[in-house]
*Asks:* 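Okay, handing you the structure first.
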Amino acid sequence: MFEELFTTSTETNLDLAIARRPRKGVIIGAGQVGMACAYSILIQNTLDEMVIVDVNREKLEGEVMDLVHGLPFVEPSLVRAGTLEDGENADIVIVTAGAKQKPGENRLSLVQRNIEIFKNLIPEIVRCSPGAILLIVSNPVDIMTYVSWKLSGLPSSSVIGSGTVLDTARFRYLLAQKLQVDPRSLHAYIIGEHGDSEVPVWSKANIAGMNLLDVHDNNDLTKTAQIDEIFQQVKNAAYEIIQRKGATCYAIGLGVTQIVQAILRNQNRVLTVSSLINGLHGINDVCLSLPAVVNRQGVTRVLNFSLTPTESEQLQRSSQILRQTIQQVNL
Ligand code: NAD
């Protein structure tokens with residue numbers, strides 16, 4: 001009888017099995033991004049066991065000591081500095097290792113440096129945790145997701161990039177500020193590359209179902225200059241932050257936590273993660289962000305939706321830039 005009370009009709013055996021299993025995750029890279037992910041995952045009780053890995057052992061130990069001293073303040077979980085072997089049979093491996101942008105540098109210029117790191121790293125991850133979902137955060141994230149898929153031999157659904165989850169959050173935050181509504185009531189997406197060619201989907205941006213450009217009040221957004229200014233702020237946010245403090249980390253840490261929760265809690269959540277696209281909007285054999293359904297299997301579905309001719313043209317351009325970069329890399 002009690003079981004009936006606590007089991008909703010929508011719960012499946014898979015949901016129950018997932019809910020009862022300890023959730024093990026590995027974070028590779030104890031830099032600014034890796035540790036922001038670790039902190040956010042810890043305080044949101046997202047993993048039961050977290051292993052953090054870095055080639056810089058000294059730094060890794062210092063970071064993890066600092067983090068575990070907070071364990072008495074949060075839900076119990078096991079957190080340690082370790083190796084990929086310590087993280088064996090993880091459910092999820094989050095990769096933040098690698099070079100980052102210097103002030104003024106764009107993301108695509110990091111590509112070959114990070115590919116050299118991934119050539120060793122990705123096969124080792126798969127050897128230690130063959131059933132894990134790989135969540136790639138290192139930049140240029142769309143290229144690194146494609147490269148990881150190739151190097152891993154895993155199904156494309158299991159290799160996900162954080163993509164434009166961060167850009168979409170920035171877009172929603174800035175629009176919500178402008179329109180004086182809670183960002184959770186405002187839905188708007190950035191698609192394509194996580195980088196200079198990313199695309200704002202103005203035609204689908206809405207507040208509670210009302211198209212943003214149809215909402216006419218004191219905060220009217222219809223002036224083109226205004227909407228372009230907001231998008232420029234989204235696109236240039238990383239450059240602005242890196243110029244001032246050398247790295248971006250907090251918002252991506254929170255965004256990664258949402259992706260990890262969507263996966264481990266089997267949420268079927270729609271997120272603009274980067275995944276392999278074949279056939280949608282005429283795009284083939286490239287990883288980029290489109291709204292996708294994320295659950296325990298990874299990306300199970302990328303949503304097919306209509307774009308205006310301008311948006312479609314911008315998305316094609318973005319995919320071409322990524323495809324050209326893939327063709328130039330030495331795998
Ligand atoms: P960071 O320099 O602070 O940290 C990188 C860490 O990776 C270092 O601690 C380094 O020792 C470690 N590392 C290097 N090679 C390694 C290996 N083979 N195995 C294990 N660890 C290794 O850099 P950061 O600011 O944390 O940024 C990390 C990456 O995340 C960069 O590529 C950055 O551009 C990217 N990033 C992505 C997003 C996004 O939205 N996808 C946002 C911000 C930053």
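Ligands are counted one by one from 1 in listed order, and the atoms in each one are counted from 1 as well.
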*Asks:* Using heavy-atom distances, let me know which of T145, V165, D54 sits nearest atom 8 (C) of ligand 1.
*Replies:* D54
*Asks:* Below a 4.0 angstrom heavy-atom separation, can you tell me which part of S162, side chain or backbone, both or neither, approaches ligand 1?
*Replies:* side chain
*Asks:* When rounded to the nearest 0.5 angstrom, what is the spacing between CD in Q32 and CD in E63?
*Replies:* 8.5 Å
*Asks:* Between D167 and K235 (salt bridge meaning N to carboxylate O under 4.0 Å), is one present in this structure?
*Replies:* no
*Asks:* Among all protein heavy atoms in this structure, tell me which lies nearest to atom 2 (O) of ligand 1, with the distance rounded to 0.1 Å.
*Replies:* K100 CE, 3.9 Å
*Asks:* What's the spacing between L121 CG and S148 OG if we round to 0.5 Å?
*Replies:* 8.5 Å
*Asks:* Who gets closest to atom 43 (C) of ligand 1 by heavy atom: L121, T248, L166?
*Replies:* T248
*Asks:* Run the ring-centre check on W202 versus F171 and record whether the distance is less than 6.0 Å.
*Replies:* yes
*Asks:* What's the spacing between I92 CD1 and Q261 CD if we round to 0.5 Å?
*Replies:* 10.5 Å
*Asks:* Which one of T96, N56, V33 has a non-hydrogen atom at the shortest distance from atom 29 (C) of ligand 1?
*Replies:* T96
*Asks:* Relative to atom 17 (C) of ligand 1, which among V55, N139, V141 owns the nearest non-hydrogen atom?
*Replies:* V55
*Asks:* Where is the nearest protein heavy atom to atom 4 (O) of ligand 1: which residue, which atom, and how far?
*Replies:* G31 CA, 3.2 Å
*Asks:* Please work out, at 4.0 Å between heavy atoms, whether the side chain, the backbone, both, or neither of I28 comes within that distance of ligand 1.
*Replies:* side chain
*Asks:* Among all protein heavy atoms, pick the one closest to atom 32 (O) of ligand 1 and tell me residue, atom and distance.
*Replies:* A99 O, 2.7 Å
*Asks:* Give the residue, atom name and distance (to 0.1 Å) of the protein heavy atom nearest atom 18 (N) of ligand 1.
*Replies:* I117 CG2, 3.4 Å
*Asks:* Could you tell me whether V137 and ligand 1 have an N or O pair separated by under 3.5 Å?
*Replies:* yes
*Asks:* Just to verify, which of S274, S319, S275 counts as forming a side chain to side chain donor-acceptor pair (under 3.5 Å) with D142?
*Replies:* S274
*Asks:* Which protein non-hydrogen atom lies closest to atom 5 (C) of ligand 1, naming both residue and atom, and how far is it?
*Replies:* G98 O, 3.5 Å
*Asks:* Starting at CD of Q267, measure out to CD1 of I259 and round the result to the nearest 0.5 Å.
*Replies:* 11.5 Å
*Asks:* Nearest protein heavy atom to atom 39 (C) of ligand 1, by residue and atom, and its distance?
*Replies:* H194 NE2, 3.5 Å
*Asks:* Does CD belonging to E313 count more than 12 external heavy atoms closer than 6.0 Å?
*Replies:* no
*Asks:* What protein heavy atom sits nearest atom 3 (O) of ligand 1, and how far away is it?
*Replies:* Q32 N, 3.1 Å
*Asks:* Decide whether Y146 and D285 meet the rule of one side-chain donor and one side-chain acceptor closer than 3.5 Å.
*Replies:* yes
